2 protein chains.
Amino acid sequence: MVLAHMWRHRFKGDVFRWTLTRKAILDLLSSTLKHMSAQEIYDTLLKSYPGIGLSTIYRNLDLLSRMGLVNRLNIGEGKSRYEYRSSEEKAHHHLICTNCGKIIDYSDFLDEELDLVGKIEKKLARKYNFIVKDHNIDFCGLCKDCR
Amino acid sequence: MVLAHMWRHRFKGDVFRWTLTRKAILDLLSSTLKHMSAQEIYDTLLKSYPGIGLSTIYRNLDLLSRMGLVNRLNIGEGKSRYEYRSSEEKAHHHLICTNCGKIIDYSDFLDEELDLVGKIEKKLARKYNFIVKDHNIDFCGLCKDCR
DNA sequence: GTTATTAATGAAAATGATTGTCATTATGAT
DNA sequence: ATCATAATGACAATCATTTTCATTAATAAC
């Protein structure tokens with residue numbers, strides 16, 4: 001069956017349906033290292049799924065990100081980029097080149113980082129009565145090609 | 001003289017001129033705790049500076065941010081927000097409520113954070129041959145009113 | 001399998017933030 | 001005061017994203 005997939009079970013019941021477009025987006029994002037914009041995802045999928053619509057891509061990226069299956073990134077380009085969020089894969093942070101826009105994922109030093117992050121989260125929660133759900137850490141600068 | 005100001009010396013030479021709009025934006029941003037959008041800045045300044053143009057606000061926010069006098073923030077609303085960047089004032093990070101969009105600046109734990117950040121920057125620079133210019137750390141979640 | 005319900009879709013229009021154009025104005029060096 | 005040109009305001013243009021609406025397709029119930 002074409003639609004059988006590891007994400008299938010997240011779309012049970014009559015609330016969200018498991019569609020070809022959703023599978024296509026997840027397949028694409030989970031198999032690339034790129035951080036793609038909605039337009040790039042659309043351009044890519046159009047080749048294998050002629051007739052697909054850009055608004056459908058937007059609607060699904062929104063849904064998938066609300067479901068926690070993809071992350072929406074914002075590196076100040078005036079548009080969002082998306083990356084697959086695997087449950088097993090270790091978290092990572094970003095290194096962003098302000099010249100060419102390249103995004104490097106890194107997970108070195110993560111233990112130390114996450115240690116501190118955890119500590120900070122606890123303290124912030126107490127001091128500001130804030131429930132921390134997520135965090136972003138990124139470094140901006142010039143990559144090896146642009147320095 | 002109306003235009004005399006602490007930022008004046010940054011606009012020396014015939015490259016950048018010191019204008020009323022630039023003073024107005026810096027005055028506004030340096031005296032508020034809010035993280036204002038271009039439109040909000042425009043709406044506010046229009047009261048005291050009738051005839052001011054929205055594109056002028058955009059052009060100047062861009063210039064001031066390139067000069068390092070203001071920070072451009074992106075919390076995924078589809079628009080930028082701006083904050084004054086004082087040289088003396090200690091750096092701070094952000095706590096963002098994903099429900100109401102409130103942004104809380106915090107500078108607790110900064111020593112520990114900046115310590116680690118410095119360490120990571122050095123290692124990343126070596127490993128990825130990347131020149132780190134800046135970093136962002138923010139926590140997302142629910143503020144005390146939205147939890 | 002057939003059918004009924006309604007979520008999902010594609011196309012196109014609408015929106016909202018930001019950028020570009022251009023004629024006019026105003027700053028700062030002389 | 002004069003001059004070169006940076007900065008401005010008005011408005012058009014662009015780009016990402018959202019909305020609308022008639023049609024299609026996924027799933028549950030039969």
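Just so it is clear, the model here is predicted, and its values are computed rather than measured. Proteins come first, then strands; the chains are lettered A, B, ... in the order of their sequence lines, and each starts at number 1.
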S.K.: Quick one: do B:Lys127 and A:Asp108 make a salt bridge, cutoff under 4.0 Å?
M.R.: yes
S.K.: Nearest whole angstrom, please: distance from the P of C:dG28 to the CZ of B:Phe16.
M.R.: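 It is 13 Å, rounded to the nearest whole Å.
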S.K.: Is B:Ser80 close enough to C:dT18 that one of its side-chain N or O atoms is under 4.0 Å from OP1 or OP2 there?
M.R.: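 Yes, B:Ser80 has a side-chain N/O under 4.0 Å of OP1/OP2 on C:dT18.
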S.K.: Does B:Thr19 place a side-chain N or O at less than 4.0 Å from the phosphate oxygens OP1/OP2 of C:dA26?
M.R.: no
S.K.: B:Lys79 has an atom NZ; how far is it from atom P of C:dT18, in whole Å?
M.R.: 8 Å
S.K.: Using a heavy-atom cut-off of 4.0 Å across all strands, would you classify B:Thr21 as base, sugar-phosphate, or nothing?
M.R.: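 Sugar-phosphate, backbone atoms only, no base.
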S.K.: Does a side-chain N or O from A:Arg72 land closer than 4.0 Å to OP1 or OP2 of D:dT17, or not?
M.R.: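 No, because none of the side-chain N or O atoms of A:Arg72 sits under 4.0 Å from OP1 or OP2 of D:dT17.
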S.K.: Specify the separation, in whole Å, of atom NZ of B:Lys23 and atom C1' of C:dT27.
M.R.: 16 Å
S.K.: Specify the separation, in whole Å, of atom CG of A:Asn74 and atom P of D:dA16.
M.R.: 13 Å
S.K.: When you measure from the side chain of B:Ser65 to the backbone N and O of B:Arg72, does any donor-acceptor pair fall under 3.5 Å?
M.R.: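 No; zero donor-acceptor contacts below 3.5 Å.
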S.K.: Determine, step by step, whether B:Phe139 and A:Asp134 satisfy the side-chain contact (heavy atoms from CB on, under 4.5 Å) criterion, reporting the C-alpha distance in whole Å, the side-chain angles of both residues, the deciding distance to 0.1 Å, and the verdict.
M.R.: CA-CA 6 Å; B:Phe139 292 92; A:Asp134 202 3; over 6 Å; no
S.K.: Tell me whether the centres of the aromatic rings in B:His94 and A:His135 are closer together than 6.0 Å.
M.R.: no
S.K.: Check this for me, if you would: do A:Glu40 and A:Arg81 make a salt bridge, where the nitrogen-to-carboxylate-oxygen distance has to be below 4.0 angstrom?
M.R.: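 Result for this pair is yes, salt bridge flagged.
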S.K.: Roughly how many Å is it from CD in B:Glu77 to C1' in D:dT17, rounded to a whole number?
M.R.: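 Whole-Å distance recorded here is 14 Å.
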S.K.: What's the spacing between B:Ser80 OG and B:Tyr58 OH if we round to 0.5 Å?
M.R.: 8.0 Å
S.K.: Give a yes or no on whether a salt bridge exists between B:Lys119 and B:Asp115, defined as a side-chain N under 4.0 angstrom from a carboxylate O.
M.R.: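 Answer for the salt bridge query: no.
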S.K.: Using whole Å, what does the distance between atom C1' of nucleotide C:dG16 and atom CD of B:Glu40 come to?
M.R.: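 From B:Glu40 CD to C:dG16 C1': 14 Å.
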S.K.: Please check the phosphate of C:dA26 (OP1 and OP2 only) for any side-chain N or O of B:Arg17 closer than 4.0 Å.
M.R.: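 Negative; the distance criterion is not met.
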S.K.: For the pair made of CD in A:Gln39 and P in D:dT17, what is the distance, rounded to whole Å?
M.R.: 9 Å
S.K.: For B:Lys12 and C:dA29, give me the distance from atom NZ to atom P, rounded to whole Å.
M.R.: 8 Å
S.K.: Got a sec? Which of residues 41-63 of chain B come in under 4.0 Å of DNA chain D, heavy atoms?
M.R.: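 Residues of residues 41-63 of chain B under 4.0 Å from DNA chain D: B:Gly51, B:Ile52, B:Gly53, B:Ser55, B:Thr56, B:Arg59, B:Asn60.
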